[in-house]
Every structure is written in C-alpha cells, then in structure tokens.
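The structure appears right after this line, and notes come after that.
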Amino acid sequence: MCFIFVETKFEMKLLSIIALSFILLACSSNEDKIAGKWRLEKIDYSEHFEGVEEDVREMLKGKMEEEFERLKGKTFFVFGEDKSLELQAPNYLGKMTSDKGKWKLNEAKDSVFFEIGIPESYQIVSLVGNDLKLKTDEMPRRTLFLKKVD
C-alpha cells in the first residue's frame, strides 16, 4: 500500500513538472518567436473601410494601395531580444530610413506594443513558423502580414 502512495505521489510530482514546463514554454514562446527580422508582406485595410461611403472608400483605398506598393518587400521590423525595435522602410524618395524604439508583450503574451514615436498596440492573430499576423484597432484599422527573414 505504501508503494502505491509513493508511486502516485511521484506521478503527481512528474505531472506537476510537466505542466509547469508547458506553462513556461507557453509564456516565453511568443517572445522567443518574435525576436528577429520580419519583412512586411501585406497590409489588409478592409476593416478600416467598413461603414465608409463608396466614393470615399475608393479614394482612400487607392492611396493606401499606392503607399503599400512603395513599402512592399522593403519594410522590415527588427525585434531585438533586448526588446529593442527597429523599423526599416523606404521614404517617399525611395531612400531607406530607420526608426528605433522598443517593443514588449502584454502579460497574456497575445499582444505586442510598439514604442516608435507614437505608441501602437497589435493583437497577435497568429504566429506560426515564419509567419506573423498582427491586427490593430487603432486608426487606420489594419492587419499586418509579416514573414521572418532571419
């Protein structure tokens, strides 16, 4: 009988260690996965256009698509392990510029905050392999699609 109690206690201890390991991995995984260099692949402004009159929507959509074409494949977010953030993007003359700031995750590890000039927050919609999808309700409402390049 005593052997069964020890075995059960051991199993409970083992189960506790495994559960704690999963919790620690879940808490640090987004942080570890985000660190690195990410290229902007796409911006989805569809939520921004909801409820906007058709003529205004077409004008804005054209301007935003034009702006994205300038940035597409040339804009990078570099998330440092030290929580530094560098945004590399071409200006209107095509010259690469760099802005530096900080990034951090919220306690739930499901949103990331950028501090470059104007602070912004993004919900982490998905982070799978080398694909990161971030969504913000700040104006203009948009979803960023990023691809890890290093």
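Each residue takes its place number in the sequence, starting with 1.
- Rounding to the nearest 0.5 angstrom, the gap separating the OG1 atom in Thr75 from the CG atom in Leu144 is 10.0 Å.
- Within a 6.0 Å radius of NZ in Lys102, other residues, nucleotides and ligands contribute more than 12 heavy atoms.
- Side chains of Tyr92 and Glu67 form a contact here, defined as non-hydrogen atoms less than 4.5 Å apart.
- Separating the NZ atom in Lys74 from the CD atom in Glu69 is a distance of 8.5 Å, to the nearest 0.5 Å.
- Taking Asp131 as the reference, Lys147 meet the salt bridge (charged side-chain N to carboxylate O under 4.0 Å, His left out) condition, with sequence neighbours excluded.
- Arg70 places a side-chain N or O within donor-acceptor distance of the main-chain N or O of Asn91, the cut-off being under 3.5 Å.
- Between the side chain of Ser121 and the main chain of Phe113, no donor-acceptor pair closer than 3.5 Å is present.
- Atom CD of Glu81 has 12 or fewer neighbouring heavy atoms from other residues, nucleotides or ligands inside a 6.0 Å radius.
- Between atom CD of residue Glu138 and atom OG1 of residue Thr136 there is a gap of 4.0 Å, rounded to the nearest 0.5 Å.
- Distance check: Phe145 CZ to Glu41 CD gives 11.0 Å after rounding to the nearest 0.5 Å.
- When the shell of 6.0 Å around CD of Glu54 is examined, it contains more than 12 heavy atoms from other residues, nucleotides or ligands.
- Comment: Lys63 does not engage Glu66 in a salt bridge, judged by the lack of any side-chain N to carboxylate O separation of less than 4.0 angstrom.
- By the ring pair (Phe, Tyr, Trp, His ring centres under 6.0 Å) test, Tyr45 pairs with no residue at all, sequence neighbours left out.
- Asp110 places none of its side-chain heavy atoms less than 4.5 Å from the side chain of Gln123.
- Counting only distance, with no hydrogens or angles, the side chain of Trp103 and the backbone of Val78 share no donor-acceptor pair below 3.5 Å.
- The aromatic rings of Phe114 and Phe79 are tilted relative to each other, their planes meeting at an angle between 30° and 60°.
- Under a cut-off of 6.0 angstrom, the local environment of NZ in Lys104 is sparse, with at most 12 non-hydrogen atoms contributed by other residues, nucleotides or ligands.
- Remark: the backbone N or O of Val149 is not paired with any side-chain donor or acceptor of Arg39 at under 3.5 angstrom.
- Linking Ile, Leu, Val, Met, Phe, Trp and Tyr residues whenever their side-chain heavy atoms come within less than 4.5 Å leaves Phe76 and Phe68 in two separate clusters.
- Two residues are said to be in side-chain contact when any heavy atoms from C-beta on lie closer than 4.5 Å; Leu134 and Ile124 meet this criterion.
- A distance of 5.0 Å separates CD1 in Ile116 from CG in Leu87, rounded to the nearest 0.5 Å.
- No donor-acceptor pair under 3.5 Å is formed between the side chain of Asp44 and the backbone N or O of Thr143.
- Here the side chain of Lys33 pairs no donor or acceptor atom with the backbone of Leu132 at under 3.5 angstrom.
- Remark: of the listed residues Glu47, Arg141, Arg142, Glu47 is the sole one forming a side-chain contact (heavy atoms from CB on, under 4.5 Å) with Lys135.
- Under a 3.5 Å cut-off, the side chain of Lys148 and the backbone N or O of Ala35 do form a donor-acceptor pair.
- Glu58 pairs by the salt bridge (charged side-chain N to carboxylate O under 4.0 Å, His left out) definition with nothing, not counting sequence neighbours.
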